[in-house]
Amino acid sequence: MSRIAYVNGRYLPQRDAAVHVEDRGYQFADGVYEVCEVRGGRLIDERRHIERLQRSLSELRIALPMSLAALGIVLHETVRRNRVRDGIVYLQITRGVAKRDHAFPVADTPPSVVVTASRIDPARTERVAAEGIAVVTLPDNRWDRVDIKSIALLPNVLAKQLAREQGAREAWFVAPDGTVTEGASSNAWIVTTGNEVVTRKADRSILRGITRTVLLDVLRAQGLILVERAFTVAEAIGAREAFITSASQTVMPVVRIDGQPVGNGAPGLIASALRADFHRHSEKS
Ligand code: PMP
């Protein structure tokens, strides 16, 4: 079955789906995106993802090119047309098509909208979670507005490639003060030997992950203590547990950091319990 993409008002087979060569997303990475988990054919935490999308758009002064209701329909319709039961739906909005010029195009330039959906085998993700993943660390060389979910992801691309070349699945960015900011495509967490669950405060130095936000509810429900503060790489290596969160992986245990085992080198009990409980607290639509 050929995959279907939504592009500016039309559903097309992906091989026929294309954007203009002067789309500002293509030329300048001038756009934003969202990735929503699909589980059992339903979108997970769609409302929160759309809220964050609106914030990203507004920070970049890009208009929402359609009503929120229409956008919701497109997301669900793209999932339906691709028969995705488990996987992700990807949404990208750019500042549209205009003759190449760094400054914004004229105000009536319609933003471009692309939506795709892809399947992810949940059994495979579970197998990865049962083993836990390795991460590597590298200096955070991104701009100072990574709280905006922009499609400009070159540092993240290079970081992820470095991870892959070192046999790891994620890269953690490290600020000049030695603290971990976040992963190339995830938020970073540790569990201290005192059983405190620690993650960085969601200021401008990280993306406020939707999975992170929902996990705060899971923590509360499980009676766990949350501390929002920065932690160093050394602290993470010496921690009882470490894990990452993202829409496509929910809670993924980290068992190795820069080649060193975390805890006993196996997925932690708290991370595993949080993973098991996550979808009881997420919204489905
Ligand atoms: N940080 C970065 C840099 C990311 O790309 C992602 C994934 N979108 C996250 C954090 C996690 O966000 P979410 O839980 O909303 O997927």
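Side-chain atoms are counted along with the backbone in the values below, which use heavy atoms only and exclude waters and symmetry mates. Order of listing sets the numbers, starting from 1, for every ligand and every atom in it. In what follows, residues are counted from 1 in the order of the sequence shown.
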Checklist entry - Does any N/O atom on K149 come nearer than 3.5 Å to any N/O atom on ligand 1? => result yes
Item to check | Test salt bridge (Lys or Arg N to Asp or Glu O under 4.0 Å) applied to E59 and R145, step by step | outcome: CA-CA 10 Å; E59 290 294 318; R145 289 307 309 276; 3.0 Å; yes
Checklist entry - Out of S185, A202, P155, whose heavy atom is nearest to atom 5 (O) of ligand 1? => result S185
Checklist entry - Which residue owns the protein heavy atom closest to atom 14 (O) of ligand 1, what's the atom, and how far is it? => result T211 OG1, 2.6 Å
Checklist entry - Relative to Y11, does R81 satisfy both conditions: NZ or CZ under 6.0 angstrom from the six-membered ring centre, and within 45 degrees of the ring's axis? => result yes
Checklist entry - What residues, two or more places apart in sequence or in another chain, satisfy salt bridge (Lys or Arg N to Asp or Glu O under 4.0 Å) together with R127? => result none
Item to check | For atom 12 (O) of ligand 1, the protein heavy atom that lies nearest, with its residue and separation | outcome: G209 CA, 3.3 Å
Next on the checklist: Closer than 4.0 Å to some heavy atom of N187 - which atoms of ligand 1 meet that?
Outcome noted: 10 (C), 11 (C)
Checklist entry - Does ligand 1 have any atom sitting under 4.0 Å from a heavy atom of E34? => result no
Checklist entry - Which atoms from ligand 1 have a heavy atom of T245 less than 4.0 Å away? => result 11 (C)
Checklist entry - Do S282 and D45 have a side chain donor and acceptor closer than 3.5 Å? => result no
Item to check | Parallel, tilted or perpendicular: rings of H102 and F28 (30°, 60°) | outcome: tilted
Item to check | Contact (N/O only, under 3.5 Å) between I210 and ligand 1 | outcome: yes
Checklist entry - Can a non-hydrogen atom of S248 be found less than 4.0 Å from any atom of ligand 1? => result no
Next on the checklist: Check this for me - ligand 1, R142, N or O atoms closer than 3.5 angstrom, yes or no?
Outcome noted: no
Item to check | Separation between CD1 of I88 and SG of C36, rounded to the nearest 0.5 Å | outcome: 10.0 Å
Checklist entry - So is H49 polar-close to ligand 1, meaning N/O to N/O under 3.5 Å? => result no
Checklist entry - Is it the case that more than 12 heavy atoms not belonging to Y90 sit under 6.0 Å from its OH atom? => result yes
Next on the checklist: Distance under 4.0 Å to a non-hydrogen atom of A247: what atoms of ligand 1 satisfy this?
Outcome noted: 13 (P), 14 (O), 16 (O)
